[in-house]
There are 2 protein chains.
Amino acid sequence: MNETRSDAAEGDVDTVRTAETLFDVVQRLTENDGATLAELAEELDYAKSTVHRHLQTLEQLGYVVQRDDGYHVGLRFLEVGVTARSSFRGYDLVRQKVEEIAEATGERAQFFVEEHGKAVYLARAAGDQAVRTDPGLGSRIPLYAASAGKAILAELPEPELFDMLERMSFEPVTDHTITDPDELRAEIEAGRERGYFFNREESLRGTHAVGVAICGPDGEVIGGLSVTGPSHRLTGERFESELPDLLLGAANELELNIAHS
Amino acid sequence: MNETRSDAAEGDVDTVRTAETLFDVVQRLTENDGATLAELAEELDYAKSTVHRHLQTLEQLGYVVQRDDGYHVGLRFLEVGVTARSSFRGYDLVRQKVEEIAEATGERAQFFVEEHGKAVYLARAAGDQAVRTDPGLGSRIPLYAASAGKAILAELPEPELFDMLERMSFEPVTDHTITDPDELRAEIEAGRERGYFFNREESLRGTHAVGVAICGPDGEVIGGLSVTGPSHRLTGERFESELPDLLLGAANELELNIAHS
DNA sequence: ATAAGTGTTCGACCATTTCGAACGATGATC
DNA sequence: GATCATCGTTCGAAATGGTCGAACACTTAT
């Protein structure tokens, strides 16, 4: 099929170096919120003056805040991130549906989209527990380790799917994670027939999940919806039939609503 | 050439120019999601190649995504923004409380924090309407135009308050917005006695609000909590006594819970 | 008073960003 | 099926601007 691809595989295309150091600072700041200038310079191995200049720039632009206890990432990231989130079609509708599903099943429901070959959490709701904030909002897991991720993969057009599988590194998340491309391929095929996908302790030990894809009016995949719970509770009929049916119904309704929005 | 360095706070401190152009791109991308390279270069008045390089860098770092219909801001902003949000003490507790208040009052409840001299939405919940997403999450309004903003100002130590008032530009949001520093000062004093603050169509026509401050265990202000609603519904006893009491109770409880967390 | 911890400034070196024009790829129009 | 319009991409030359390290200023603890 394709052959002229190898050259772009690893070559760092020409890139703005300064931006890398800038986001290094941001990155370190998220991992070590409230860090001081000296700490950051030390950890990043840049000159203090360099880090200082970047922090000052970031602060002036609103992306960093300096308080008495050190530097913090600013809420402008949240502002931008929220617009990024709402740029997904039907996000509001999906969010409501996620909460409905959580309530109906008593389990945790979540919605992912694909970005840069990973599954990114966009919404999550818990059935039983008090309404807790979404801790991992925006966090990423490999597509092949999530039921919703597999559902997304299965809806991709063949060439894109091929590319994506090519680029995957298949690092295990748990000892049940699929690490064989052929095995993943087979599961995608199987799930395509059924319309729903499973995750048996592949992303978290002791946790099962069922997932389905959400597609837009033109057939393009928007994201994936899944229900997660303890493996002892997600089993048998409920796991293999009831929850899938519920999800398929939800997906269907969602897709209709999205198409008419 | 010699620089006349006005040692006041006015001068542009030395700043990473490249970062400015980079965030110019990001900014434009949030305002015009899905823009093409040519559009961005045109609107920003940079060379196409320059914008291209920045976009490529941003994409490689995960902060921008290129889809068939153009470039989009990436969800990494959301990821970073969420950590910024949860770096505020007691955010989870506050969020729950906001939802409780919305449910109890049937009106809209919201939580702000101060950043860069503005009030930033961190949480919002609506009582009546279906659970809708927070549209303006991360968005900013002037402190002096929000009841919760005034509450925050009133809790600041005098020197900081002074500085902040100095820097304020007092641009009106509606025709009821306070634009006179002395008037604001007076309202802050008055509210300090009472413990709560009002907003009478100062941020949105036809809308009233009551707000209180939330403080941490050391007396430092964390943010402000407020209830908003149509001015015809927020009036009389309910507006000037019931809601304030409710909010003061909520703040009190919150502060206790936060102190013990 | 001293010391250790902040953040801040400065000038010289040289890395790197910027620009514009030309290229290649894709899709629309006639 | 050829031509035009648009899109993203590449390239080298010129100068803009980022990096470094040492020294400064400031606050708090010893």
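The structure presented is a predicted model; accordingly, all values stated were derived computationally and were not measured. Below, read A as the first sequence line, B as the second, and so on, with proteins coming before strands; counting in each chain starts at 1.
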Trainee: When the axes are fitted on five pairs at both termini, how much does the helix from C:dG7-D:dC24 to C:dC23-D:dG8 curve, in 10° steps?
Mentor: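 About 70° separates the two local helix axes.
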Trainee: Could you state the OH-P distance from A:Tyr46 to D:dG21, rounded to the nearest angstrom?
Mentor: 13 Å
Trainee: Look for any protein N or O under 3.5 Å of an N or O in nucleotides 25-27 of chain C and output each such pair with its distance, or none.
Mentor:
none

Trainee: Would you kindly say whether B:Gln56 and B:Gln60 are connected by a side-chain donor-acceptor distance under 3.5 Å?
Mentor: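 Result is no, nothing qualifies.
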Trainee: State whether A:Thr50 places a side-chain N or O below 4.0 Å from either non-bridging phosphate oxygen (OP1 or OP2) of D:dC20.
Mentor: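 It does, given that an N or O in the side chain of A:Thr50 lies less than 4.0 Å from OP1 or OP2 of D:dC20.
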Trainee: State whether A:Thr21 places a side-chain N or O below 4.0 Å from either non-bridging phosphate oxygen (OP1 or OP2) of D:dT19.
Mentor: yes
Trainee: Counting side-chain heavy atoms from CB outward, which of D:dT9, D:dG18, C:dC19 is closest to B:Gln56?
Mentor: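 Given the options D:dT9, D:dG18, C:dC19, the side chain of B:Gln56 is closest to D:dT9.
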Trainee: Whole-Å distance between C:dC10 P and A:His52 NE2?
Mentor: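 Rounding to the nearest Å, NE2 of A:His52 and P of C:dC10 are 11 Å apart.
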Trainee: Without swapping roles, check the side chain of B:Ser147 against the backbone of B:Ser226 for a donor-acceptor pair under 3.5 Å.
Mentor: no
Trainee: I'd like to know if B:Arg28 pairs up with B:Glu39 as an ion pair, taking the criterion as any Lys NZ or Arg NE/NH1/NH2 lying under 4.0 Å from an Asp or Glu carboxylate oxygen.
Mentor: no
Trainee: Expressed in angstrom and rounded to an integer, what is the separation of A:Arg53 atom CZ from D:dG18 atom P?
Mentor: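 Whole-Å distance recorded here is 5 Å.
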Trainee: Any chance you could measure B:Asp182, atom CG, to B:Leu165, atom CG, to the nearest 0.5 Å?
Mentor: 10.0 Å
Trainee: Decide yes or no, distance alone: a donor-acceptor N/O pair under 3.5 angstrom between the base of D:dG8 and the side-chain of B:Lys48.
Mentor: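 It does, because a donor-acceptor pair links the side chain of B:Lys48 to the base of D:dG8 below 3.5 Å.
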Trainee: Nearest to the side chain of A:His54, heavy atoms from C-beta on, is which of C:dC19, D:dT9, D:dT19?
Mentor: D:dT19
Trainee: Which value, rounded to the nearest 0.5 Å, describes the distance between A:Asn257 atom CG and A:Leu93 atom CG?
Mentor: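 With rounding to 0.5 Å, CG (A:Asn257) is 5.5 Å from CG (A:Leu93).
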Trainee: Rounded to the Å, how far apart are A:Arg17 CZ and C:dT17 P?
Mentor: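 Going from A:Arg17 (CZ) to C:dT17 (P), I get 8 Å.
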Trainee: Heavy atoms within less than 4.0 Å of DNA chain D: which residues of residues 26-45 of chain A have one? Give them sorted by number.
Mentor: none
Trainee: Would the distance check show the side chain of B:Arg67 and the main-chain N or O of B:Asp69 forming a donor-acceptor pair, the cut-off being under 3.5 Å?
Mentor: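 Not confirmed, B:Arg67 side chain does not pair with B:Asp69 backbone.
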Trainee: Answer yes or no: is there an ion pair linking B:Arg185 with B:Glu158, defined by an N-O contact shorter than 4.0 Å?
Mentor: yes
Trainee: As a test of understanding, state which of A:Lys118, A:Arg85, A:Arg140 forms a salt bridge (charged side-chain N to carboxylate O under 4.0 Å, His left out) with B:Glu79.
Mentor: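 Of all the options given, the one that passes is A:Arg140.
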Trainee: What's the CD-P distance between B:Gln60 and D:dT9, to the nearest Å?
Mentor: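 So the two atoms are 13 Å apart, to the nearest Å.
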Trainee: Please work out which of the three classes, parallel, tilted or perpendicular, describes the rings of B:Phe23 and A:Tyr63, given edges at 30° and 60°.
Mentor: parallel
Trainee: So if I take every side-chain heavy atom of B:Ala47 and compare against C:dG20, C:dA22, D:dG17, which nucleotide ends up nearest?
Mentor: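 Of C:dG20, C:dA22, D:dG17, C:dG20 is nearest to the side chain of B:Ala47.
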Trainee: Test your reading of the model: is there a side-chain donor-acceptor pair from A:His54 to the backbone of A:Ala19, 3.5 Å cut-off?
Mentor: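 Absent.
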Trainee: Would you mind reading off the distance between B:Glu20 atom CD and C:dT18 atom P, rounded to a whole angstrom?
Mentor: 11 Å
Trainee: Would you mind reading off the distance between A:Leu22 atom CG and C:dT17 atom P, rounded to a whole angstrom?
Mentor: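 These atoms are roughly 12 Å apart.
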Trainee: Identify the two heavy atoms, one from B:Leu156 and one from B:Glu160, that lie closest to each other, and give their separation to 0.1 Å.
Mentor: CD2-OE1, 4.0 Å
Trainee: Do the charged groups of A:Glu115 and B:Arg76 touch, with an N to O distance under 4.0 Å?
Mentor: no
Trainee: To the nearest Å, give me how far apart CG (A:Leu55) and P (C:dT9) are.
Mentor: 13 Å
Trainee: Here's a test of your reading of the structure: between A:Gln66 and B:Ser49, which maps to the more 5' nucleotide of DNA chain C?
Mentor: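 Its nucleotide being nearer the 5' end, the pick is A:Gln66.
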